[in-house]
Protein chains: 2
Amino acid sequence: MAVHPSHRVTIIDVARHANVSAGTVSNALTGKRPVAEETRARIMQAIRDLGYQPNLLARGLVNQRSQTVGVVASGLDYYGPSRTLIGIDQEANALGYALLLDLLHSPMEANVDTVLNVLSARRVDGIIWAVHEIGNNRAWVASERLNRLPPIVFLTMHPQPGVAVVNTDNYLGAKMATQHLLELGRCSIGLISGPLVWWEARERQRGWRDCLLAAGREASDNLTVLGDWRAASGEAGLMALIEARPEIDAVFVANDEMALGVLRAAHRLGKRVPEDLAVVGYDNMPDVPYFWPALTSVRPRLLEVGKLAIQTLHSIVEARRQNQEISTPEVQTLGPELIVRESTVGDPPTGK
Amino acid sequence: MAVHPSHRVTIIDVARHANVSAGTVSNALTGKRPVAEETRARIMQAIRDLGYQPNLLARGLVNQRSQTVGVVASGLDYYGPSRTLIGIDQEANALGYALLLDLLHSPMEANVDTVLNVLSARRVDGIIWAVHEIGNNRAWVASERLNRLPPIVFLTMHPQPGVAVVNTDNYLGAKMATQHLLELGRCSIGLISGPLVWWEARERQRGWRDCLLAAGREASDNLTVLGDWRAASGEAGLMALIEARPEIDAVFVANDEMALGVLRAAHRLGKRVPEDLAVVGYDNMPDVPYFWPALTSVRPRLLEVGKLAIQTLHSIVEARRQNQEISTPEVQTLGPELIVRESTVGDPPTGK
DNA sequence: TTGTAGGCGTTATCAA
DNA sequence: TTGATAACGCCTACAA
C-alpha cells in the first residue's frame, strides 16, 4: 500500500471501482436522489476499499456554500471569550459547520478589512463577530460594506438597526449585584469600573448607578474608580476609593480579576471581607469560589451566548438562501445569574 | 448598486472589465508570471471597481493546497490551551494559513476518527494536535492511519519515533520548582499532583521526585496527593497531606488552580505562607501575582510553543511538497522559567 | 507579454 | 434508478 498515493482518490475512482457513474456515487453520499440498495452497498464498499474522502473544497465550489463559519474574536486569554468560543464550537459542530478562527491581537485594531477580506475570499457562509465593542471599533458596521459580506452575528454590542446581535445583559447583571449589596444593608457602595471605552463597562456602570438612584442613594463620581480589567488596577482602585471615601462598606467590581486585586488590597489594609467591606465581582470565573474569601460574582451565560449566536446565524443563512424573511429577532439578550458567596455574606470557615 | 449581486463577481468579470484574459488577471494577482505595468494597473482598477474577491475554494482545488491548518484542541477554558492557541494563530497569520478549529469536549473522547475525517475532507495542509495526552488517547498515532493524513505536529506528548512533537519541558519545570524549595532550606517538600493518566502530570511528578532523590531527600508516596487540576482538589489535597505528614513545610503544586485551593486551605488551617508553608504552582496564570500571597509559579512558554508548532508544520509541509528531507528535529522542547513571588520568599506587605 | 484550452473534484440537469 | 455532460472559479501549460 503506497504511503503517498500520487493520485488522491476521487469520486471517479470510487465510481469505476463500483461500476457506476460518478453521479450515482454522489447521490449515494448526499442522499439527494434515491440509489438502489444493492448499488449503494457496492459503492460503500468501494469507498472503504479505496479510503475515499470527499473533497469539500470542490463540493463547496459547486454548491456555493462552504459549510464554514468565520469566527473573529479577541481576548482569548481571558476566561469569557474562551468560554463563548466553546459554545460556538459546540453548536457549530451540531449544525455541521466548520470554524475558521481569526484572532485580533488588539481589539481596537484597524485591520478589520483584512480579516473580512480573508473570510470573504474563503467563502464562509457566515461570520460571528466576537470582538468586544471598544471605542468606535464598530464604526464599519454602519458602512455599505456590510451588504457585500455574508451574514454576520455580532456579540455583545450596542443594538443597532439592521444588525443581528446576541448579548448578555450587562446592565441587569450590574443591577443585580448592586441590589444584592443594598439588601445586605450596605450604606456606601463603590464601583470599580472597566475602561469606559468598552461598551460592556458602560453598561455595568449604568446598572450600578441606576440601581442606587432607584433606591434613593447617592451614585456620585467619587464613588467610582476606573480600572483596566486587570488585577493590579483593582488593587490600586480600592486604595484610591478608600482614600476618597473612607466610609465605603461595599464595592461592585466590574470583573473578577479586578476583584481579586480588591481582595488583596483589603488584606493589606487589614479590612475584613465581608464584615468591613463586601465585594461582588463579575464573570464568575472558575476559580473565584477559591478566592480568599470566596467571591460573590455575576455569571453571564457565555456558553449559551455562543450557541445562540450560531443558531441565529444558521437561521439567517438558511433564510437568505431561500429568499425568506428572517425570523430571528434582531437583538437577543440572555439574562445573567448572581452567585452569592463569602465575600458578601459568608464567614469563611477560619482556623481549625 | 445591487445588494445581492445575483452573480458573484469572478476572475472572468474582472478580465472582461480590464480587457484582458482571465489568465492575465491570475498572473497579476499571484505574481507568478510577469505582467506589463500598464495592464496590471488596469486590472487592479477593475478589481476595485467590481469589488472582486478571489475564491479561495477554487484556488485550493486547482492548487491542491488550501492554505489552511486544522487545529484540534481541548480544555480551552483553561489558561494554558488558550494561550497556546493564540501563539498558533499569530504564526499562522504570519505564514498565510487560516485556522480550522476543532474542539474536543472531552480529551479522552474516542471520536478522533470523525475529527480527522472532517479535516482531511476539507483538505487542510496540515494538522496541529493540541489535545493533552491522557491515558491512551494517542494510541491512534501508532496506526497506519497516520500515513493517510496530512502532516501533523503534536503538542505536549511523550516523544515517539516518526512523530513531530513540540513540548514544553514539564520535567525540568518541576525540578526547578523543587530545587527552589530545597534552596530555601525547606525540609519536607510535598507534591500535589495532577491525575497521573496525564502525561504532563507524570512528568511533573518525575521532576519533583528526581530532584529530591538527587539531593538525598525522601520522595515517598505519602508525600504525594493526587488532585484533578481543580482548586477544590488542591484544598482537599493540602488537608490530606498535612494529615499524613504534619511536619510538611513546603509543597509543589502541579498547577496554579490547585495551588489556589492550597492557599485557601492554608488560610483555613491558620498556616502562614510562606513562613509555615512555602507554595509553588505551575502555569503562571495572569492572576497569580494577586493571589494572597502572590504565588511563585513555573511559566511554560506557551505562546512560543504555538508559534513553533506552526513553523514546524510549515516546514514539513513545504519539504513534503518538494519531496525533500524534513530538516526539523522530531522533538523540540522549550524550557520553562521560574517566577519567584511571595508564596515562597516574600512577606506580603501587611497592614498599613 | 498575453490568450486559449484543459483540468482540479463535485453536483445538477437532462436523458435514457 | 442510472449515465453523460456541463458548470462551479481558478491556475497553468502551451501557443501566439
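Chain A is the first sequence line, chain B the second, and so forth, proteins listed ahead of strands; every chain is numbered from 1.
A side-chain donor from one of A:R122 and B:T68 sits under 3.5 Å from a side-chain acceptor of the other. Counted by atom type alone, A:Q45 and A:R48 present one or more donor-acceptor pairs between their side chains at under 3.5 Å.
The shortest non-hydrogen separation linking B:L95 to B:Q311 is CD2-CA, 4.5 Å.
The side chain of A:T39 places an N or O atom within less than 4.0 Å of a non-bridging phosphate oxygen (OP1 or OP2) of D:dT2.
Rounding to whole angstrom units, CD1 of residue A:I43 and C1' of D:dG3 are separated by 12 Å. The nearest whole Å value for the distance from the CZ atom in B:R65 to the C1' atom in C:dG9 is 19 Å.
Summarising the geometry, atom CD1 belonging to B:I86 is positioned 7.5 Å from atom OG belonging to A:S82; distances are rounded to the nearest 0.5 Å. Note that CG of B:L100 is 12.5 Å distant from CD1 of B:I128, once rounded to the nearest 0.5 Å.
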Fill in the blank from the handout: Going 5' to 3' through nucleotides 7-16 of chain D and flagging B where a protein heavy-atom sits under 4.0 Å of the base, S where only the sugar-phosphate is that close, and - otherwise, we get -BBBSBS---

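Backbone-only contact: A:N19 has heavy atoms under 4.0 Å from sugar-phosphate atoms and none from a base.
A salt bridge does not link B:D125 with B:R321: none of the charged nitrogens is closer than 4.0 Å to a carboxylate oxygen.
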